[in-house]
Amino acid sequence: MNVSDIRMQVMWNRLISVVEEQALTLIRTAFSTSVREAGDLSAGVFGPDGQMLAQAVTGTPGHVNTMAEAVLNFLAEIPREEMFEGDTYVTNDPWLGTGHLHDITMVSPSFLDGRLVGFFACTAHVVDVGGRGFGADAKSVYEEGIQIPIMKFAERGVVNTSLLRLLKANVREPDQVIGDFYSLSACNEVGHRRLVTMMREIGLSDLDALAEFIFSRTRAATLERIRALPQGAWSNVMDTDGYDEPIRLAAKVEIRGETINVDFTGSSAPSRWGINVPLIYTKAYASYALKCVIAPDVPNNSASLALFTISSPENICNAQRPAPVSLRHVIGHMIPDVVLGALSQALPGQIQAEGAGSLWNVHLSVKPVSKQAGRRAEVLMFNSGGTGARPALDGLSATAFPSGVMTMPIEATEQTGPIVIWRKELRPDSGGAGRYRGGLGQVIEIGAMPGHELDFSAMFDRVNHPAQGREGGEAGAPGEVVLDDGTKMRPKGWQHVPAGRHLILKAPGGGGFGPASERDPEALAADLRGGYVSAGDKS
């Protein structure tokens with residue numbers, strides 16, 4: 001069918017609206033606060049060959065870009081002749097999905113008049129998968145929770161009740177987890193219904209012509225940006241806290257002709273703790289960093305991602321099964337800063353400074369004090385430090401980059417368990433000084449309700465290795481983890497907070513950009529008025 005480019009563009013926009021409604025379904029029906037409040041999810045539509053056509057704007061790069069590869073893994077596992085209308089497939093395999101067991105990926109085939117026309121996929125982080133809980137303490141993936149291989153969650157519309165029984169027997173919050181499974185399935189179902197409605201309305205029997213239009217224009221636009229870049233290779237290294245010893249991340253960015261490769265040779269060996277990163281997750285965030293610099297306004301789909309190749313020998317960026325990977329995001333969220341550091345050599349003066357990088361998530365396991373009545377709960381809270389200063393703007397305060405998740409309201413978090421968030425405020429003087437100031441971190445103070453105590457899983461970085469500035473800018477403030485009596489806590493691992501004590505998290509700030517002596521006096525005065533810096537600070 002021959003249609004005009006304008007009509008094709010309208011259909012492309014319509015397809016994006018389909019996946020946006022798909023994602024909103026997940027947000028509105030999810031049980032986990034990390035999905036409902038923070039948007040820790042992804043949703044997308046794929047052609048019958050498993051190539052991603054469009055993604056929802058809501059979602060993290062780690063979920064979206066791993067999902068783009070994960071769907072191909074589903075198609076390799078489930079034969080076409082075993083796919084039926086009403087099916088939904090599921091996995092949380094870290095190496096075939098999104099990098100750790102807490103993320104559930106679901107894929108559903110979409111049929112029109114008995115013909116397979118595409119797939120819908122979505123991912124969400126669930127509150128618990130059993131095992132040791134969400135933390136770095138496991139020594140292998142087998143300790144980290146229940147593993148779900150690629151399998152059918154539903155066949156011809158009938159849910160696999162045996163899988164649900166296994167889940168209930170292995171997780172601490174079965175109602176929340178099972179609820180999220182149904183939310184994920186509903187998310188894909190809504191996408192399918194809207195796609196079928198769109199295709200019938202427009203008169204499409206398949207998505208082939210639309211896919212060709214999408215991919216050809218995306219590829220051409222991305223290639224145009226790549227051709228404008230300098231040719232060559234640039235390397236960068238960055239040290240992070242690690243668990244019990246520092247971790248070195250090394251990246252070499254090579255631009256040759258019409259492709260860009262990032263190689264992570266030289267990075268530290270896999271850790272014996274759960275901070276390792278499967279390659280699928282490293283690919284996701286390395287590609288995201290390239291896209292932010294090279295083609296941020298070009299839609300993200302299989303055609304744009306195909307021009308970026310990511311490689312690594314076996315190391316912490318390419319950990320092999322059965323390495324523990326529960327906190328793969330802590331190292332994975334540092335990947336963009338490593339890549340951006342290399343690109344800053346190719347594009348001097350154009351790349352932002354380092355930021356807090358990984359989220360300052362905290363998982364709280366709350367319980368009554370011995371022999372007292374009370375409530376048990378598993379509470380996951382997302383927090384962010386500051387982003388790096390940009391070439392012409394200050395960094396963003398308490399903002400998640402590169403993950404992009406939203407701040408979770410304290411009211412919603414407090415409803416999930418017997419906890420009180422006593423303080424959540426910006427952290428003065430935490431942004432690195434510079435011509436443009438790094439974004440501020442934040443201070444969060446958390447305590448259990450009277451008669452309760454809590455254990456918490458620390459998953460923090462930039463405590464010993466703060467975000468570095470760019471082009472003469474200064475480093476941001478390092479993070480701190482303490483109790484309200486001054487007791488220092490470890491930045492990673494499960495630890496105990498006694499009844500009556502409060503946990504205080506001081507999230508790190510972003511690095512500054514350019515010499516601090518060149519900061520606009522009016523900007524400095526505004527910082528002082530706002531309390532972002534104190535009178536003695538050099539910002």
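By the 30° and 60° cut-offs, the orientation of the rings of Tyr243 relative to Trp273 is parallel. The aromatic rings of Phe181 and Phe153 sit tilted relative to each other, their planes meeting at an angle between 30° and 60°.
Residues forming a side chain to side chain donor-acceptor pair (under 3.5 Å) with Thr240 (at least two apart in sequence, or on another chain): none. Scored by the salt bridge (Lys or Arg N to Asp or Glu O under 4.0 Å) test, Arg165 finds no partners at all (sequence neighbours excluded). Among residues two or more places apart in sequence or in another chain, the side chain to side chain donor-acceptor pair (under 3.5 Å) test is passed with Tyr89 by Asp87. By the salt bridge (Lys or Arg N to Asp or Glu O under 4.0 Å) test, Asp40 pairs with no residue at all, sequence neighbours left out. Here Glu189 pairs with Arg193 under the salt bridge (Lys or Arg N to Asp or Glu O under 4.0 Å) rule; sequence neighbours left out. The side chain to side chain donor-acceptor pair (under 3.5 Å) search around His465 returns Asp241, not counting sequence neighbours. Residues passing the side chain to side chain contact (heavy atoms under 4.5 Å, CB included) test with Ala286, sequence neighbours excluded: Phe264, Ile310, Ile335, Val339. Residues passing the side chain to side chain donor-acceptor pair (under 3.5 Å) test with Glu21 are Arg194, sequence neighbours excluded. Remark: Lys291 pairs with no residue by the salt bridge (Lys or Arg N to Asp or Glu O under 4.0 Å) rule, at least two apart or across chains. Under the side chain to side chain contact (heavy atoms under 4.5 Å, CB included) criterion, Ala467 pairs with Glu354, Arg462, not counting sequence neighbours. Residues that satisfy the side chain to side chain contact (heavy atoms under 4.5 Å, CB included) test with Asn92, not counting sequence neighbours, are Leu101, Ile104, Val129, Ile148.
Looking at Asn276, its side chain never comes within 3.5 Å of a backbone N or O of Ala323 through a donor-acceptor pair. In this structure, the side chain of Asn318 engages the main chain of Ser312 through a donor-acceptor pair within 3.5 Å. Side chain of Arg80 to main chain of Leu75: no donor-acceptor pair is present (N/O by atom type, distance under 3.5 Å, no hydrogens or angles). Here the side chain of Arg272 pairs no donor or acceptor atom with the backbone of Lys139 at under 3.5 angstrom. Between the Asn236 side chain and the Ala251 main chain, no donor and acceptor come within less than 3.5 Å of each other. Remark: side-chain polar atoms of Gln495 are paired, donor with acceptor, to backbone N or O of Gly493 under 3.5 angstrom. The backbone N or O of Leu396 lies less than 3.5 Å from a partner atom in the side chain of Thr387, making a donor-acceptor pair.
At a threshold of 4.5 Å between non-hydrogen side-chain atoms, the residues His329 and His102 do not count as touching. By the 4.5 Å heavy-atom criterion applied to side chains, Met67 and Thr98 are not counted as neighbours. Considering only heavy atoms from C-beta on, Met406 stays 4.5 Å or farther from Phe382 through its side chain. In this structure, the side chains of Thr105 and Val90 stay at 4.5 Å or more apart for every pair of heavy atoms. Side-chain contact between Val362 and Leu364 is present, with heavy atoms from C-beta onward closer than 4.5 Å. Taking 4.5 Å as the limit, every side-chain heavy atom of Pro174 sits out of range of all side-chain heavy atoms of Leu167. Using a 4.5 Å heavy-atom cutoff, the side chains of Ser32 and His125 are not in contact. By the 4.5 Å heavy-atom criterion applied to side chains, Thr413 and Glu37 are not counted as neighbours.
Ion pair Lys492/Asp461 flagged as a salt bridge, since at least one NZ, NE, NH1 or NH2 atom sits closer than 4.0 Å to an Asp/Glu carboxylate oxygen. Ionic pairing of Arg132 and Asp137 is not present here: no N-O contact between side-chain nitrogen and carboxylate oxygen is shorter than 4.0 angstrom.
The CD1 atom of Ile410 sits 12.5 Å away from atom CZ of Arg423, with the distance rounded to the nearest 0.5 Å. Separation of atoms CD (Gln442) and CH2 (Trp360) is listed at 10.0 Å; rounding is to 0.5 Å. Rounding to the nearest 0.5 angstrom, the gap separating the CD atom in Glu480 from the NZ atom in Lys506 is 4.5 Å. With rounding to the nearest 0.5 angstrom, the NZ atom of Lys283 is 4.0 Å from the CD atom of Glu69. From Ile504, atom CD1 reaches atom CG of Asp484 across 5.5 Å, with rounding to the nearest 0.5 Å. Remark: Leu249 CG to Cys317 SG distance equals 5.0 Å, nearest 0.5 Å.
Between His100 and Tyr281, the gap from one ring centroid to the other reaches at least 6.0 Å.
Closest heavy-atom contact between Ile178 and Leu164: CD1-CD2, 3.7 Å. Nearest heavy atoms, Ala250 versus Ser267: N-OG, 3.0 Å. Shortest non-hydrogen contact noted between Pro498 and Glu453 is C-CB, 4.4 Å. Across all their heavy atoms, Ala412 and Thr33 have their closest contact at O-CG2, 4.2 Å. Val497 and Arg501 make their closest contact through CG1-O, 3.6 Å (heavy atoms, listed as atom of the first residue, atom of the second, distance). Smallest separation of non-hydrogen atoms from Met106 and Ser185: SD-N, 3.6 Å.
Atom CD of Gln415 has 12 or fewer neighbouring heavy atoms from other residues, nucleotides or ligands inside a 6.0 Å radius. Heavy atoms from other residues, nucleotides or ligands lying under 6.0 Å from CZ of Arg28 number 12 at most.
With 3.5 Å as the limit, one finds a donor-acceptor pair spanning the side chains of Thr88 and Ser108. At a cut-off of 3.5 Å, with distance as the only test, no side-chain donor of His333 or Ser358 sits close to an acceptor on the other residue. For the residue pair Ser311/Asp263, the side-chain donor-acceptor check at 3.5 Å is satisfied.
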Validation: residues 44-66 side-chain donor-acceptor distances under 3.5 Å, sequence neighbours left out:
| from | atom 1 | to | atom 2 | distance (Å) |
| --- | --- | --- | --- | --- |
| Asp49 | OD1 | Gln51 | N | 3.3 |
| Gln51 | OE1 | Ser302 | OG | 3.4 |
| Gln55 | OE1 | Asn300 | ND2 | 2.8 |
| Thr60 | OG1 | His63 | N | 3.0 |
| Thr60 | OG1 | His63 | ND1 | 3.3 |
| His63 | ND1 | Leu41 | N | 3.4 |
| His63 | NE2 | Asp103 | OD1 | 3.1 |
| His63 | NE2 | Asp103 | OD2 | 2.9 |
| Asn65 | OD1 | Asn300 | ND2 | 3.0 |
| Asn65 | ND2 | Ala284 | O | 3.0 |
| Thr66 | OG1 | Gly62 | O | 2.5 |
| Thr66 | OG1 | His63 | O | 3.1 |

Query raised in the report: Asn261 and Thr309: side chain to side chain donor-acceptor pair (under 3.5 Å), yes or no, with the steps?
Result: CA-CA 5 Å; Asn261 182 69; Thr309 57; 2.8 Å; yes

Problem - side chain to side chain donor-acceptor pair (under 3.5 Å) assessment of Thr399 paired with Ser384 - result: CA-CA 5 Å; Thr399 299; Ser384 307; over 6 Å; no

